[in-house]
Amino acid sequence: MFDPLDSDWISPTELDFLQGIFDRVCTWCHIDRPSERADRLATYLLHEFRVGIRDETALFEAAMWRESGRSKSEPTHEHEKRLGVTTIN
């Protein structure tokens, strides 16, 4: 049985769908491409899609909420801030 969570395969239609969301979030949140932040956003969107979130609005809003509070130079995890505590975002 095919399990999309175990597969790296994604259809061209699905890729176009995710690319559109990615592009909009990058524009709204001023995310430079290529960058580590853009890579993390792409990974996040792909993960959310693979676990079953297929609604464009839901994916866009979740990504915007995740990215809107971050700046280009702001670390994304507590351990990157050298506080000794790890927070999973």
Side-chain angles (χ1 to χ4, degrees):
M1 175 180 216
F2 176 74
D3 183 356
L5 292 177
D6 291 335
S7 174
D8 288 333
W9 187 83
I10 186 167
S11 76
T13 302
E14 293 168 330
L15 183 59
D16 287 343
F17 172 75
L18 291 170
Q19 182 71 51
I21 297 167
F22 174 82
D23 290 341
R24 286 185 10 217
V25 174
C26 285
T27 298
W28 280 76
C29 294
H30 307 288
I31 299 172
D32 293 330
R33 291 177 284 168
S35 69
E36 287 183 32
R37 185 175 175 196
D39 291 346
R40 284 190 301 269
L41 172 60
T43 300
Y44 172 78
L45 285 169
L46 187 57
H47 175 266
E48 294 300 296
F49 185 80
R50 285 189 171 149
V51 298
I53 300 175
R54 302 295 171 102
D55 180 75
E56 182 176 4
T57 301
L59 283 168
F60 176 74
E61 288 178 357
M64 285 295 293
W65 180 83
R66 181 179 185 272
E67 294 296 328
S68 65
R70 297 179 179 180
S71 68
K72 290 182 193 176
S73 62
E74 180 181 322
T76 59
H77 294 85
E78 292 297 319
H79 63 76
E80 293 179 64
K81 295 179 183 177
R82 309 273 188 243
L83 298 177
V85 176
T86 301
T87 301
I88 299 174
N89 293 340

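For reference, positions follow the sequence shown, starting with 1.
Electrostatic pairing of E56 and R24 counts as a salt bridge here, judged by a charged N lying under 4.0 Å from a carboxylate O.
A continuous path of ILVMFWY side-chain contacts below 4.5 Å connects F22 to W28, so both sit in one hydrophobic cluster. Residues L59 and L15 are members of separate hydrophobic clusters, defined by side-chain heavy-atom contacts under 4.5 angstrom among Ile, Leu, Val, Met, Phe, Trp and Tyr.
Atom CG of L45 is separated from atom CZ of F60 by 10.5 Å, given to the nearest 0.5 angstrom. One finds the CG atom of L46 at 9.5 Å from the CD atom of E14 (value rounded to the nearest 0.5 Å). Considering CD1 of I53 and CD of E61, their distance stands at 11.5 Å, rounded to 0.5 Å.
The side-chain contact (heavy atoms from CB on, under 4.5 Å) test applied to A62 returns Y44, not counting sequence neighbours.
Between the side chain of R33 and the backbone N or O of D23 there is no donor-acceptor pair closer than 3.5 Å. Remark: side-chain polar atoms of D32 are not paired, donor with acceptor, to backbone N or O of S35 under 3.5 angstrom.
Ring geometry, F17 versus F49: the interplanar angle falls from 30° to 60°, so the pair is classed tilted.
Closest approach of E67 and V25 over heavy atoms only: CG-CG1, 4.2 Å. L41 approaches I31 most closely through the heavy-atom pair CD2-CD1, 3.9 Å.
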